[in-house]
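In what follows, every chain begins at residue 1, and chains take the letters A, B, ... in the order their sequences are listed. It should be emphasised that the depicted structure is a prediction, and the values quoted were computed from it without experimental measurement.
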There are 2 protein chains.
Amino acid sequence: MTDSPSGTRRPAPLDPDMFDPLCPSSAMPFRVGDKWTGMVIRCLEDGPRRFTELRAPLRAVTPKVLSETLRAMERDGLLTRTSYDENPPRVEYTLTPLGRSLLPLLDAARTWSRTHLPLLLAARTAHEQEAP
Amino acid sequence: MTDSPSGTRRPAPLDPDMFDPLCPSSAMPFRVGDKWTGMVIRCLEDGPRRFTELRAPLRAVTPKVLSETLRAMERDGLLTRTSYDENPPRVEYTLTPLGRSLLPLLDAARTWSRTHLPLLLAARTAHEQEAP
DNA sequence: AGCGCCGATACCGTTGAAGTAACCGGGGTC
DNA sequence: GACCCCGGTTACTTCAACGGTATCGGCGCT
């Protein structure tokens, strides 16, 4: 309650390394919506975030693609976009209940990956070595 | 135990309409691996299937794409391909334990879709109508 | 001889998602 | 007046997945 001008509780800053670049979706065999939708949901699970806040952990995604992803998610009712008429401009993205309902699924996918993804990658590597 | 020449228990025939063409993956916001991987896993969950057996419910997918999907899944250790030296040729695809481990996730995705997909589609439609 | 079955493969075209680079407006700051 | 920040947008290019059509080889059937 120190520097929260509009009364909204700000969640802790996002870790810029919260996504392993070695596991982009090439290895992760799951996708929710577009390529970055799942990661955006993860970024928003603790509260509303601004555009540039989302870009910190998602620095691999260009503003164009992030903006496309966000507009698609807004269209699908997964998040809401709130623009404050301030200066500098401020825009906040917040998960809707529908968007939150995907969190358990993302958890399940993450759990699967932790336990089984090494097996999948090992099978892939083995296959490449026996038939190069 | 009537017409099972090689002793393998054959599961019931697949329903050619087991996949709703109105819900291809355009609406289903989940993907496991490639576009058809999830459906192949569903087709194989009751036991091994032959190539043409898989084509019955997946008649939208051409043999080329199905064969590509199957080879990718074999490479990733999700299924095994067994070729019998008979005539006419016979090839069977069977889920591995790793492939089976994805079934709970597919169940979870299906459950989500049943309860929440209408909301998502309604939001999409509403958005299209207010901003055409 | 000709046709069909099974399980593919080869060749080629289309599509759409993703990426690159540049730019915008409007106010604050130096 | 020059520059920066925020939250994007626009135009252009790239690339892999996807799809369509044609074909194959070996055998059996008629």
Side-chain angles (χ1 to χ4, degrees), chain A residues 5-6 10 13 19 21 24-40 43-44 48-56 58-76 79-94 131, chain B residues 5-6 10 14 19 21 24-40 43-44 48-56 58-76 79-94 131:
Chain A
S6 45
R10 296 247 110 241
F19 298 119
S25 351
S26 51
M28 264 283 271
F30 308 106
R31 280 204 27 200
V32 176
D34 289 336
K35 183 171 180 181
W36 305 102
T37 303
M39 301 188 204
V40 169
C43 291
L44 292 177
R49 301 283 184 183
R50 308 177 58 166
F51 190 85
T52 39
E53 245 179 317
L54 292 171
R55 294 211 58 199
L58 296 171
R59 55 196 182 287
V61 48
T62 63
K64 174 205 149 200
V65 175
L66 180 56
S67 138
E68 283 173 355
T69 303
L70 291 169
R71 274 186 278 115
M73 292 176 69
E74 189 193 7
R75 179 202 60 189
D76 287 350
L79 53 78
T80 55
R81 179 185 182 279
T82 311
S83 163
Y84 298 90
D85 205 5
E86 302 172 355
N87 197 279
R90 186 163 62 99
V91 176
E92 277 185 350
Y93 296 92
T94 313
Chain B
S6 45
R10 294 246 113 240
L14 293 171
F19 297 119
S25 6
S26 51
M28 265 282 273
F30 307 105
R31 277 196 39 192
V32 176
D34 289 335
K35 183 170 181 181
W36 306 103
T37 302
M39 301 190 203
V40 169
C43 291
L44 292 177
R49 301 283 185 184
R50 307 178 58 168
F51 190 84
T52 39
E53 244 179 318
L54 292 171
R55 295 212 59 202
L58 296 171
R59 57 196 181 287
V61 48
T62 62
K64 176 205 146 199
V65 176
L66 179 56
S67 138
E68 283 172 355
T69 303
L70 291 169
R71 273 185 281 114
M73 293 176 69
E74 189 193 8
R75 179 202 59 188
D76 287 350
L79 53 78
T80 55
R81 178 186 182 279
T82 312
S83 164
Y84 297 91
D85 206 4
E86 302 172 355
N87 198 280
R90 186 163 62 98
V91 176
E92 276 185 352
Y93 295 93
T94 312

Answer with base, sugar-phosphate or nothing: what part of the nucleic acid does B:Arg81 contact at a heavy-atom distance below 4.0 Å?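 Touches sugar-phosphate only.
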Please classify the nucleic acid contact of A:Thr52 as base, sugar-phosphate, or nothing, using heavy-atom distances under 4.0 Å.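 Answer is sugar-phosphate: A:Thr52 comes under 4.0 Å of backbone atoms only.
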Could you pull out all residues at least two apart from A:Ala72 that satisfy side chain to side chain contact (heavy atoms under 4.5 Å, CB included)?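 Applying side chain to side chain contact (heavy atoms under 4.5 Å, CB included) to A:Ala72 gives A:Asp34, A:Arg75.
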Listed partners of B:Arg81 passing side chain to side chain contact (heavy atoms under 4.5 Å, CB included), at least two apart: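 If we apply the side chain to side chain contact (heavy atoms under 4.5 Å, CB included) test to B:Arg81, skipping adjacent residues, the hits are B:Glu74, B:Ser83, B:Val91, B:Tyr93.
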Would you kindly give the CD-to-P distance between B:Glu86 and C:dA8, to the nearest whole Å?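 Checked: the CD to P distance equals 14 Å.
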Gap between atoms NZ and P, on A:Lys64 and C:dA18 respectively (whole Å):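 Computing the A:Lys64:NZ to C:dA18:P distance gives 9 Å.
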So if I take residues 68-76 of chain B and measure heavy-atom distances to DNA chain D, which residues fall below 4.0 Å?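 Residues of residues 68-76 of chain B under 4.0 Å from DNA chain D: none.
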Sole candidate of A:Leu44, A:Leu79, A:Thr80 that passes side-chain contact (heavy atoms from CB on, under 4.5 Å) when paired with A:Thr94: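 Output: one option passes, namely A:Thr80.
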Between protein and nucleotides 24-30 of chain C, map the contacts as a letter string: B base, S sugar-phosphate only, - none, heavy atoms under 4.0 Å, written 5' to 3'. ---S---
Which residue lies more 5' along DNA chain C, comparing A:Val65 with B:Pro63 via nearest heavy atoms: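 Between the two, 5'-proximity favours B:Pro63.
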Side chain to side chain donor-acceptor pair (under 3.5 Å) partners for A:Arg50, two or more places apart: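 A:Arg50 satisfies side chain to side chain donor-acceptor pair (under 3.5 Å) with no other residue.
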Nucleotide range of DNA chain D lying under 4.0 Å from chain B heavy atoms: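 Nucleotide range in contact with chain B: D:dC18 to D:dC27.
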Given DNA chain D, 5'-ward residue of the pair B:Val61 and A:Glu53, judged by closest heavy atom: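 Of the two residues, A:Glu53 wins.
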